[in-house]
Colleague: 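Below is a structure I'd like to ask you about.
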Amino acid sequence: MNPMVRMAFRFIKVTLMLVVMSILSFILCAVIYIYLLDWMNPRGAISMKTFFVVTGFVLTIIFIIAFGWCVGKPLTYLIRWINRLSDGNYSLPLEHFRQPKSDRGLDGTNSHDGPADSGGIDYTKGSDGSRSFNGFNGFNGFNGFNGSQHNHYRYPYVLYKELFDRMHLLANQLQRSETERLNLEAKKQEWIAAISHDLKTPLSYIEGYAHMLTADDYVWSDEEKQNFSRQISGKTAEMKQLIHDLNQAGRWSVEQFPMNKKIDDVVDFLRELMIDIANHPLAEQTSFTFHPEENGCSMEFDSRLLGRALQNVIMNAVIHNPPGTEVQCNISVKKNHCCIMIEDDGIGIEETKLRHNLNQSGKGIAIAKAFVEAHFGRMNILPADGKGTRVEIVLPIRP
């Protein structure tokens, strides 16, 4: 049956019930009045016409008040609920629910009054004195509430059962939308911070090569100038891609990093990355060693994200350590996992500073960790055996 038809029948039933009660009350008052006339002096009593008029007027007023209470109280309650939603408060109010007797303790108190972790429902009291339910587990399609259980509603709220069911769904949808919006906004901010950080790397390449080209104390050959120009051109293209990613961040409809995975040889990929970083102007006084235990390892990964993660780790070893630091990179395959270890013999990193950088978006370590986890991998940062820092990255190999 149509929900509006059910509500109409419910209102007709309540109206007929109030009318019948008013008629029965009028008949009862009339019988009592006639019975009392035998015990009273008829001359001192009010006339029957006056009695019936006054009684009818009083019962009409009572009927209007009762009907207005049945119709108006739920509407006023709904208006307050809508105002709560407009203010961003999506918690579920509880005044319209009827508490089953099984939910009361032996002393008659509410057994749900208490924190959720103690087995009860987590109530909060609003500024208007109303109680709210913090969470939607167990209500109206949230995780188990059945809207057909109208016997859970108190009177007169049960008259608007279908409307309250839809309000529950609306509140739940608004809550989920708000949560998704906040999560997506946080991911976008993290992505933008990551791109802003990663723009510094190609900029440092361009700045270094430009400084070398304009240096007066050395005359570069045409071949060297062409090599510098190719490096600058390549880093310019990389910056354009990063800016493109930044523009695309506002168009996301998912909560994850935009992935473009392809099957490639991660050993060759890491070797080329090490060579590229070794040619960085800031890495002139840093030595690099690459030890692959496997000749090749084909796996599915996003070359841009994984490259940026590894580049952040290796460039941190270059920038934050003194000249003469040695950076070693080992790669191996163990139990369907690709293990990458990047170790330096520099000054190391303090544990408190490491925790701070891991928890702060926009930092190179946090960005690298996020990109590795986007590949369903994990990254650990440990002290090296002698001195310095060791970064262990484990990536699953998808068959």
Side-chain angles (χ1 to χ4, degrees), residues 183 187 190-191 194-195 197-198 201-202 234 237-238 241-242 244-245 248-249 252-280 283 288-318 326-344 349 354 357-359 361 363-385 388-399:
N183 290 338
K187 285 292 182 181
E190 185 176 353
W191 179 251
I195 293 176
H197 177 275
D198 290 346
T201 301
E238 183 179 338
Q241 182 61 49
L242 289 172
H244 174 74
D245 292 344
Q248 292 295 318
W252 292 353
S253 59
V254 295
E255 295 184 9
Q256 297 180 344
F257 296 117
M259 304 286 288
N260 183 23
K261 291 184 178 181
K262 295 181 180 179
I263 297 178
D264 201 353
D265 190 336
V266 69
V267 177
D268 291 339
F269 173 77
L270 185 55
R271 181 185 291 110
E272 293 175 1
L273 181 66
M274 290 286 292
I275 294 173
D276 181 66
I277 295 177
N279 291 324
H280 194 289
F288 295 88
T289 307
F290 182 61
H291 297 291
E293 297 183 9
E294 304 289 338
N295 293 328
C297 176
S298 295
M299 59 177 291
E300 188 180 37
F301 62 94
D302 188 318
S303 59
R304 289 191 301 112
L305 294 188
L306 185 59
R308 287 164 60 184
L310 296 171
Q311 189 179 61
N312 277 330
V313 173
I314 299 173
M315 287 303 299
N316 275 341
V318 173
E326 182 181 359
V327 178
Q328 297 183 6
C329 181
N330 301 328
I331 182 169
S332 59
V333 177
K334 299 177 182 179
K335 296 181 179 180
N336 293 326
H337 285 82
C338 177
C339 303
I340 302 173
M341 186 184 71
I342 301 171
E343 183 175 349
D344 65 72
I349 182 172
L354 175 61
N357 290 340
L358 285 173
N359 295 327
S361 62
K363 295 293 185 179
I365 297 178
I367 294 169
K369 186 173 185 293
F371 288 167
V372 170
E373 291 176 349
H375 287 81
F376 304 101
R378 64 180 185 273
M379 186 179 82
N380 297 320
I381 303 177
L382 306 168
D385 294 335
T389 306
R390 182 172 71 250
V391 179
E392 298 176 351
I393 298 174
V394 181
L395 300 171
I397 301 176
R398 303 290 179 180

Colleague: Leu310 and Ile342: side chain to side chain contact (heavy atoms under 4.5 Å, CB included), yes or no, with the steps?
Modeller: CA-CA 9 Å; Leu310 296 171; Ile342 301 171; 4.1 Å; yes

Colleague: Which heavy atom in Gly377 sits nearest to a heavy atom in Leu395, and how many Å separate them?
Modeller: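 Heavy atoms of Gly377 and Leu395 come nearest at CA-CD2, 4.1 Å.
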
Colleague: With a 3.5 Å cut-off and sequence neighbours excluded, list the donor-acceptor pairs that the side chains of residues 265-274 form with protein atoms.
Modeller:
residue, atom, partner, partner atom, Å
Asp265, OD1, Val267, N, 2.9
Asp265, OD1, Cys297, N, 3.1
Asp268, OD1, Arg271, NH1, 2.7

Colleague: So which atom in Ser298 and which in Ile263 form the shortest heavy-atom distance, rounded to 0.1 Å?
Modeller: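 So the minimum-distance heavy-atom pair works out to CB-CG2, 4.3 Å.
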
Colleague: Using the test ring pair (Phe, Tyr, Trp, His ring centres under 6.0 Å), find all partners of His280 that sit at least two apart in sequence or belong to another chain.
Modeller: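 With neighbours one apart ignored, the set is Tyr205.
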
Colleague: Can you tell me how far the CD1 atom of Ile397 sits from the CZ atom of Phe301, to the nearest 0.5 Å?
Modeller: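 Ile397 CD1 to Phe301 CZ: 11.5 Å, rounded to 0.5 Å.
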
Colleague: Can you name the nearest heavy-atom pair linking Ala309 to Phe371, along with the distance?
Modeller: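 Heavy-atom minimum between the residues: CB-CB, 3.8 Å.
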
Colleague: Applying side-chain contact (heavy atoms from CB on, under 4.5 Å), name anything that partners Pro396, two or more places apart in sequence or on another chain.
Modeller: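 Counting only residues at least two positions away or on another chain, Pro396 forms a side-chain contact (heavy atoms from CB on, under 4.5 Å) with His337, Phe376, Arg398.
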
Colleague: Scan for side chain to side chain donor-acceptor pair (under 3.5 Å) pairs involving residues 370-381, sequence neighbours excluded, and state none if there are none.
Modeller: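 Listed once each, the pairs are Lys369-Glu373.
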
Colleague: Could you tell me the separation between the CZ atom of Arg304 and the NZ atom of Lys262, rounded to the nearest 0.5 Å?
Modeller: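 If I round to the nearest 0.5 Å, the distance is 10.0 Å.
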
Colleague: May I ask you to test the Asn316-Thr389 pair for a side-chain heavy-atom distance under 4.5 Å?
Modeller: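 The answer is no, as the side chains (C-beta and beyond) never meet within the 4.5 Å cut-off.
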
Colleague: Identify the heavy atoms of Met379 and Val391 that sit nearest to each other, and give their distance.
Modeller: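 Distance-wise, the nearest heavy atoms are CG-CG1, 3.8 Å.
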
Colleague: Residues in salt bridge (Lys or Arg N to Asp or Glu O under 4.0 Å) with Glu293, at least two apart?
Modeller: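 So Glu293 forms no salt bridge (Lys or Arg N to Asp or Glu O under 4.0 Å) with any residue.
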
Colleague: Could I get the full list of side-chain contact (heavy atoms from CB on, under 4.5 Å) partners for Lys334, not counting sequence neighbours?
Modeller: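 So Lys334 forms a side-chain contact (heavy atoms from CB on, under 4.5 Å) with Ser332, Cys339.
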
Colleague: Do Asp302 side-chain atoms and Asn260 backbone N/O form a donor-acceptor pair below 3.5 Å?
Modeller: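 The answer is yes, because a donor-acceptor pair under 3.5 Å joins these two groups.
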
Colleague: Going by side-chain contact (heavy atoms from CB on, under 4.5 Å), name the residues that satisfy it together with Glu326, two or more places apart in sequence or in a different chain.
Modeller: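 Counting only residues at least two positions away or on another chain, Glu326 forms a side-chain contact (heavy atoms from CB on, under 4.5 Å) with Ser287, Thr289, Gln328, Asp345.
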
Colleague: So, taking the atom named CG in Leu305 and the one named NZ in Lys261, what distance separates them when rounded to the nearest 0.5 Å?
Modeller: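 So the gap between those two atoms works out to 9.5 Å.
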
Colleague: Calculate, to the nearest 0.5 Å, the distance between atoms CD1 and CD1 belonging to Ile331 and Ile340 respectively.
Modeller: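 Rounded to the nearest 0.5 Å, the CD1-CD1 separation comes out at 4.5 Å.
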
Colleague: Could you grab the distance from atom CD of Glu392 to atom CD1 of Ile381, nearest 0.5 Å is fine?
Modeller: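 Taking CD in Glu392 and CD1 in Ile381, the distance rounds to 10.5 Å.
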
